[in-house]
Amino acid sequence: MANQASRYSLNKNKYLLDDEFERLMGLLKTYLKDDGRNCILLLIALQTGARATEILNIKSADIDHENKTVLIKGIKGSNDREIPLYPYVFNELVKLEAKNDLVFPISYNRLRQIWQHYRPTHKKFHCLRHTFAIRLYKKTKDIRLVQVALGHRNITNTMVYAEYVYTQQELKRLIL
């Protein structure tokens, strides 16, 4: 019987393409001042690769002021991981932290509504996790780093990103 990782495959409908990513970033930067909490929530998703529930579970105690990181507590059997944040995202997160124990005291349904409002294309919220992983792998070519950043216990779960990026790059090289 094939393992689950080999049955799962990425395609362009499961992550944000570069132009979609840029559109989302533009929207978030435009509305950051007026809709800070919701924009920061989506920026945290893009910058950490955290699952929706992992983001909703971020507590004030998970924010490390000295290192400017956030601790993502793994779910679904994944490892906890400490992810560095861009300074402006960290500073905005700290402002939210001061108000609540849970940094984002909203329901999963509310998170979905926020995503539907800002999403640049009709893709699921989970595409932000895949976007993070693909962008990190393309930047570093370090599959072990992607594994740690996503909290995967088994690297075979992470290999889908390396295989996808490699396949796309090789097909372009050989065909074009």
Side-chain angles (χ1 to χ4, degrees), residues 14-16 20-120 123-155 157-158 161:
K14 293 183 181 177
Y15 69 97
L16 295 179
E20 296 165 343
F21 176 85
E22 293 304 325
R23 270 188 295 168
L24 177 59
M25 291 301 292
L27 281 170
L28 296 177
K29 287 177 183 176
T30 299
Y31 291 101
L32 184 60
K33 186 174 181 181
D34 296 327
D35 193 18
R37 181 201 69 190
N38 296 337
C39 291
I40 290 300
L41 184 149
L42 296 176
L43 286 168
I44 294 285
L46 276 170
Q47 195 178 344
T48 65
R51 297 174 180 94
T53 303
E54 291 171 335
I55 291 170
L56 296 179
N57 289 337
I58 296 173
K59 295 183 178 180
S60 296
D62 300 329
I63 299 171
D64 181 338
H65 293 264
E66 185 175 331
N67 295 306
K68 297 191 180 343
T69 61
V70 62
L71 177 66
I72 304 297
K73 293 182 181 162
I75 61 167
K76 295 175 69 175
S78 65
N79 294 323
D80 295 350
R81 58 253 187 226
E82 195 169 343
I83 306 290
L85 298 174
Y86 290 115
Y88 74 92
V89 173
F90 182 82
N91 293 336
E92 292 299 319
L93 184 64
V94 167
K95 291 176 189 174
L96 296 172
E97 168 210 15
K99 298 176 185 172
N100 305 292
D101 180 42
L102 278 178
V103 177
F104 301 105
I106 61 173
S107 68
Y108 179 79
N109 284 338
R110 179 64 186 128
L111 180 142
R112 286 185 58 213
Q113 290 172 345
I114 293 165
W115 173 239
Q116 287 173 357
H117 179 72
Y118 282 101
R119 67 184 181 182
K123 294 179 181 176
K124 296 179 180 180
F125 181 84
H126 197 74
C127 78
L128 300 177
R129 180 171 170 82
H130 296 312
T131 301
F132 166 80
I134 287 172
R135 292 176 72 83
L136 182 61
Y137 182 74
K138 282 181 175 180
K139 184 176 184 179
T140 66
K141 296 291 190 262
D142 186 340
I143 197 65
R144 176 77 175 107
L145 181 64
V146 176
Q147 177 190 9
V148 170
L150 292 177
H152 288 163
R153 290 185 186 235
N154 189 332
I155 200 156
N157 295 335
T158 317
Y161 300 105

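Within 6.0 Å of atom CZ in Arg110, more than 12 heavy atoms from other residues, nucleotides or ligands are found, so the atom counts as buried in its surroundings. The local environment of OH in Tyr88 is crowded, with over 12 non-hydrogen atoms from other residues, nucleotides or ligands closer than 6.0 Å. Open room surrounds NZ on Lys124; 12 or fewer heavy atoms of other groups in view lie less than 6.0 Å from it.
Closest heavy-atom contact between Asp80 and Gly74: OD1-N, 2.8 Å. Closest approach of Glu97 to Ile63, counting heavy atoms only: CB-CD1, 3.5 Å. Of all heavy-atom pairs between Gln47 and Phe132, the closest is O-CE1, 3.2 Å. Nearest heavy atom pair, residue Leu28 against residue Cys39, reads O-SG, 3.6 Å. A pairwise comparison of heavy atoms in Gly151 and Ser78 identifies O-CB, 3.0 Å as the closest pair. The two residues Leu16 and Thr131 have their closest heavy-atom pair at N-OG1, 2.7 Å.
Residue pairs meeting the side chain to side chain donor-acceptor pair (under 3.5 Å) criterion with at least one partner in residues 20-33, sequence neighbours excluded, are Glu20-Lys123.
Checked against ring pair (Phe, Tyr, Trp, His ring centres under 6.0 Å), Tyr15 has the following partners two or more places apart in sequence or in another chain: Tyr164. With sequence neighbours excluded, no residue forms a ring pair (Phe, Tyr, Trp, His ring centres under 6.0 Å) with Tyr118. Considering only residues two or more places apart in sequence or on other chains, Asp62 meets the salt bridge (Lys or Arg N to Asp or Glu O under 4.0 Å) condition with Lys73. Looking at residues two or more places apart in sequence or on another chain, you find no salt bridge (Lys or Arg N to Asp or Glu O under 4.0 Å) involving Arg129. Applying the side chain to side chain donor-acceptor pair (under 3.5 Å) test to Thr69 and every residue at least two apart in sequence or in another chain returns Glu82.
Here the side chains of Lys139 and Val146 are not in contact, with every heavy-atom distance at 4.5 Å or above. With contacts defined as side-chain heavy-atom distances shorter than 4.5 Å, the pair Ile106/Leu41 qualifies. Counting only heavy atoms from C-beta outward, the side chains of Leu85 and Asn91 never approach each other to under 4.5 Å. Residues Ile40 and Val103 are not in side-chain contact: their nearest non-hydrogen atoms beyond the backbone lie 4.5 Å or more apart. Counting heavy atoms from C-beta on, the side chains of Phe21 and Leu46 come closer than 4.5 Å. Using a 4.5 Å heavy-atom cutoff, the side chains of Arg119 and Leu24 are not in contact.
From Glu92, atom CD reaches atom CG of Leu43 across 9.5 Å, with rounding to the nearest 0.5 Å. Taken to the nearest 0.5 Å, the CD1 atom of Ile114 stands 11.0 Å off from the CG atom of Asn109. Interatomic distance, Leu145 CG to Thr140 OG1, rounded to the nearest 0.5 Å: 5.0 Å. Between Leu150 atom CG and Ile155 atom CD1 the span is 10.5 Å, to the nearest 0.5 Å.
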Side chain to side chain contact (heavy atoms under 4.5 Å, CB included) between Phe104 and Arg37, worked out
CA-CA 8 Å; Phe104 301 105; Arg37 181 201 69 190; 3.9 Å; yes
Trp115 vs Leu128, side chain to side chain contact (heavy atoms under 4.5 Å, CB included): CA-CA, chis, key distance, verdict
CA-CA 10 Å; Trp115 173 239; Leu128 300 177; 3.7 Å; yes
Could you go through Ile44 and Ile58, starting from their C-alpha distance and side-chain angles, then the distance that decides it, and tell me whether this counts as side chain to side chain contact (heavy atoms under 4.5 Å, CB included)?
CA-CA 10 Å; Ile44 294 285; Ile58 296 173; 4.1 Å; yes
Go through it in stages, so that I can follow the logic: the residues are Phe90 and His65, the test is side chain to side chain contact (heavy atoms under 4.5 Å, CB included), and I'd like the CA-CA distance, side-chain angles, deciding distance and then a yes or no.
CA-CA 9 Å; Phe90 182 82; His65 293 264; 4.1 Å; yes
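Evaluated for a side-chain contact (heavy atoms from CB on, under 4.5 Å) with Lys59, the options Leu102, Val70, Leu71 yield exactly one hit, Leu102.
Using bins of under 30°, 30° to 60° and over 60° for the plane-to-plane angle, the ring pair Tyr161/His130 lands in the tilted bin.
Under 4.0 Å is where a charged nitrogen must lie from a carboxylate oxygen, and between Arg81 and Glu54 at least one such pair does.
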